[in-house]
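Only one structure is covered here, and it is reproduced in the block below.
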Amino acid sequence: MSGSLLLIQSDSNRHLGLFRDLDNNVDVDILTYPDHHSAIRKAITRFSSNATFTLVSKEQNINDTYDRIVVVDTALGRMSKDVVSRLREMTADLRVILLNSFGAASPSFEPVRERIDWFKPSEIYSFDPIDVQQNGFNFYGLQYYSKHDCLQDTPILHDCYFVGGIKGGRGALIRELFYAMKSASVDALFECTFMKGSNEKKDQSGIRWLEKSWQPYETVLANDLTSACIVEILQEGQHAQSLRYFEAVCNNRKLLTNNDAIVNMPFYDERYMRVFHTVEDVDMNWLKDRELPAYDYNGEFSPAASDMFGI
């Protein structure tokens, strides 16, 4: 590769396609870390983070030096301190992007919290303004979502759609909201998963329980498009938008969210975006109204527009 900047992402970032707008940027090399293709690769990853980094760097033709290296938080969570030291030898400008709230209740973010002290606050960039204020991080902004090509003329089959795990202290609200929607004859599609080791029981209320811990992102987008409204329920400790906000704006769908900050965000329109914290806050008739917005999105969220990836 020949780029002057290296972006290191995880499999999950690649799966979501967050940085796909950078794929054809000749100045940016992208390393997916770790990249699992075989049982041998998985075994190497499990027992040696250093060997994994060496392997994927060689396979993906990563250079020895870069003007800047940017590590996405989910990739950092799989690195050893030795790997981070190697990155510092490769560049004088090493940065971390946090795309999850630092105080989020989700246990999956714990490996990142354990490693964050390896970096100075000035090297850390967060999408969460509260994390920036509390920890002295830099504010990254909203430029980390690459719009997917979707069929915009998809027929509407549901009033609203939610997808997410029963985790992060939001399980009760998810269930209460679904029951209230069901009682009000709102056509709601809820797809949920449990964290591994959870003792909670799946009910038979009409929630669609996913067998895997994640839903293919192409399926999420397809369900977004067959629904008039996307439901966003943040986890405890998360103070900023999830991908549901970007999906709503990019695909011209209404948004129901428990994120108070939405009213100050780009593309906010009170006709098509509503905030709630209890089921009593939700206007069920508004949910059943399938009139769609037209936000006129034009690439404002793309990482290609971010100064982070321009040197």
Side-chain angles (χ1 to χ4, degrees), residues 13 16-21 72-73 97-106 109 124-135 137-148 150 152 160-164 168-170 173-174 177 217 220-221 223-225 227-278 281-283 286-287 289 291-309:
N13 301 135
L16 295 171
L18 299 185
F19 298 96
R20 63 190 301 178
D21 284 352
V72 183
D73 55 6
I97 299 179
L98 300 179
L99 299 183
N100 294 274
S101 292
F102 194 67
S106 175
F109 193 65
I124 302 169
Y125 292 74
S126 174
F127 81 122
D128 188 327
I130 302 300
D131 282 352
V132 169
Q133 181 181 11
Q134 292 180 347
N135 300 289
F137 302 153
N138 301 287
F139 184 56
Y140 177 65
L142 298 171
Q143 293 169 321
Y144 59 92
Y145 187 81
S146 300
K147 184 180 184 300
H148 292 240
C150 299
Q152 298 298 328
C160 64
Y161 173 57
F162 171 81
V163 61
R170 62 181 177 179
L173 182 57
I174 291 171
L177 181 61
Y217 196 53
V220 172
L221 292 173
N223 288 333
D224 282 345
L225 291 175
S227 305
C229 180
I230 296 172
V231 179
E232 175 184 64
I233 302 178
L234 302 183
Q235 300 178 45
E236 291 179 357
Q238 184 174 346
H239 315 112
Q241 68 288 332
S242 72
L243 295 187
R244 305 292 88 83
Y245 162 73
F246 298 105
E247 294 160 11
V249 171
C250 290
N251 296 302
N252 293 315
R253 292 299 183 265
K254 299 194 300 183
L255 180 68
L256 178 67
T257 178
N258 64 341
N259 179 18
D260 289 320
I262 194 71
V263 299
N264 297 315
M265 295 182 65
F267 301 100
Y268 173 70
D269 187 328
E270 63 182 3
R271 297 171 298 172
Y272 302 109
M273 295 182 178
R274 297 284 180 91
V275 177
F276 82 105
H277 293 287
T278 67
D281 298 331
V282 180
D283 183 343
W286 177 79
L287 281 175
D289 181 354
E291 179 184 356
L292 299 179
Y295 297 115
D296 295 324
Y297 173 77
N298 190 31
E300 289 84 352
F301 302 144
S302 174
S306 171
D307 291 339
M308 178 71 71
F309 301 104

Check: For Gln133, which residues count as a side-chain contact (heavy atoms from CB on, under 4.5 Å) partner, sequence neighbours excluded?
Finding: Ile130
Check: Where is the tightest heavy-atom contact between Gly164 and Phe162, given as atom of each residue plus distance?
Finding: N-CE2, 3.6 Å
Margin query: Looking at every non-hydrogen atom in both residues, tell me the closest pair between Phe246 and Leu142 and how far apart they are.
Written below: CE2-O, 3.5 Å
Next item on the list: For the residue pair Leu255 and Glu232, establish whether any side-chain heavy-atom pair is separated by less than 4.5 Å.
Entry: yes
Notebook entry, point to check: Leu173 and Ile233: side-chain contact (heavy atoms from CB on, under 4.5 Å), yes or no, with the steps?
Noted result: CA-CA 8 Å; Leu173 182 57; Ile233 302 178; 4.0 Å; yes
Check: Short question: side chain of Asp224, backbone of Ala248 - any donor-acceptor pair under 3.5 Å?
Finding: no
Check: For Ser126, which residues count as a side-chain contact (heavy atoms from CB on, under 4.5 Å) partner, sequence neighbours excluded?
Finding: Leu98, Asp128, Asp131, Val132, Phe137
Checklist line | Heavy-atom pair with the smallest gap, counting every atom of Leu16 and His148 | finding: O-NE2, 3.0 Å
Next item on the list: Could you pull out the closest heavy-atom pair between Val275 and Asp281, with the gap in Å?
Entry: O-CB, 4.5 Å
Check: Are the side chains of His277 and Asp260 in touch, meaning some heavy atoms are under 4.5 Å apart?
Finding: yes
Item checked: Side chain to side chain, Val72 and Tyr144, heavy atoms closer than 4.5 Å -> no
Notebook entry, point to check: Is it the case that Asn100 and Asp73 place a side-chain donor and acceptor less than 3.5 Å from each other?
Noted result: yes
Check: So how far is it from Glu247 CD to Tyr161 OH, rounded to the nearest 0.5 Å?
Finding: 8.0 Å
Checklist line | Closest non-hydrogen atom pair, Tyr297 against Ser302 | finding: OH-N, 3.7 Å
Check: Closest heavy-atom contact between Leu99 and Phe127?
Finding: C-CE2, 3.6 Å
Next item on the list: Would you please test Arg244 and Val163 for side-chain contact (heavy atoms from CB on, under 4.5 Å) and show each step?
Entry: CA-CA 9 Å; Arg244 305 292 88 83; Val163 61; 3.7 Å; yes
Note to self: The criterion is side-chain contact (heavy atoms from CB on, under 4.5 Å); which residues satisfy it with Glu291, sequence neighbours excluded?
What the structure shows: Tyr272, Asp289
Margin query: Checking Phe276 now: which residues fulfil ring-ring contact (aromatic ring centres under 6.0 Å, His included) with it, not counting sequence neighbours?
Written below: none
Next item on the list: Just jot down the side chain to side chain donor-acceptor pair (under 3.5 Å) partners of Asn135, sequence neighbours excluded, or say none.
Entry: none
Next item on the list: Find the distance between CE (Met308) and CZ (Phe19) and round it off to the nearest 0.5 Å.
Entry: 9.0 Å
Next item on the list: Using the test side-chain contact (heavy atoms from CB on, under 4.5 Å), find all partners of Ser146 that sit at least two apart in sequence or belong to another chain.
Entry: Arg20, Asp21, Pro303
Note to self: Could you check whether any side-chain heavy atom of Gln241 comes within less than 4.5 Å of a side-chain heavy atom of Ile262, counting everything from C-beta outward?
What the structure shows: no
Next item on the list: Let me know which of Leu256, Asn259, Val249 forms a side chain to side chain contact (heavy atoms under 4.5 Å, CB included) with Met273.
Entry: Val249
Next item on the list: Find the distance between SG (Cys229) and CH2 (Trp286) and round it off to the nearest 0.5 Å.
Entry: 4.0 Å
Checklist line | Audit row: Lys147, Asn298, side-chain contact (heavy atoms from CB on, under 4.5 Å) steps and yes/no | finding: CA-CA 10 Å; Lys147 184 180 184 300; Asn298 190 31; over 6 Å; no
Next item on the list: Kindly say whether Ser227 contributes a backbone atom to a donor-acceptor pair with the side chain of Arg253 at under 3.5 angstrom?
Entry: yes
Next item on the list: Would you give the length of the straight line joining atom CD1 of Ile97 to atom CG of Asn13, rounded to the nearest 0.5 angstrom?
Entry: 9.5 Å
Note to self: Return the OG1 to CG distance between Thr278 and Asn258, rounded to the nearest 0.5 Å.
What the structure shows: 11.0 Å
Item checked: Test applied, ring-ring contact (aromatic ring centres under 6.0 Å, His included); reference residue, Phe301; option that passes from Tyr145, Phe267, Tyr140 -> Phe267
Next item on the list: Measure the spacing between CG of Asn252 and OH of Tyr295 and express it to the nearest 0.5 Å.
Entry: 7.5 Å
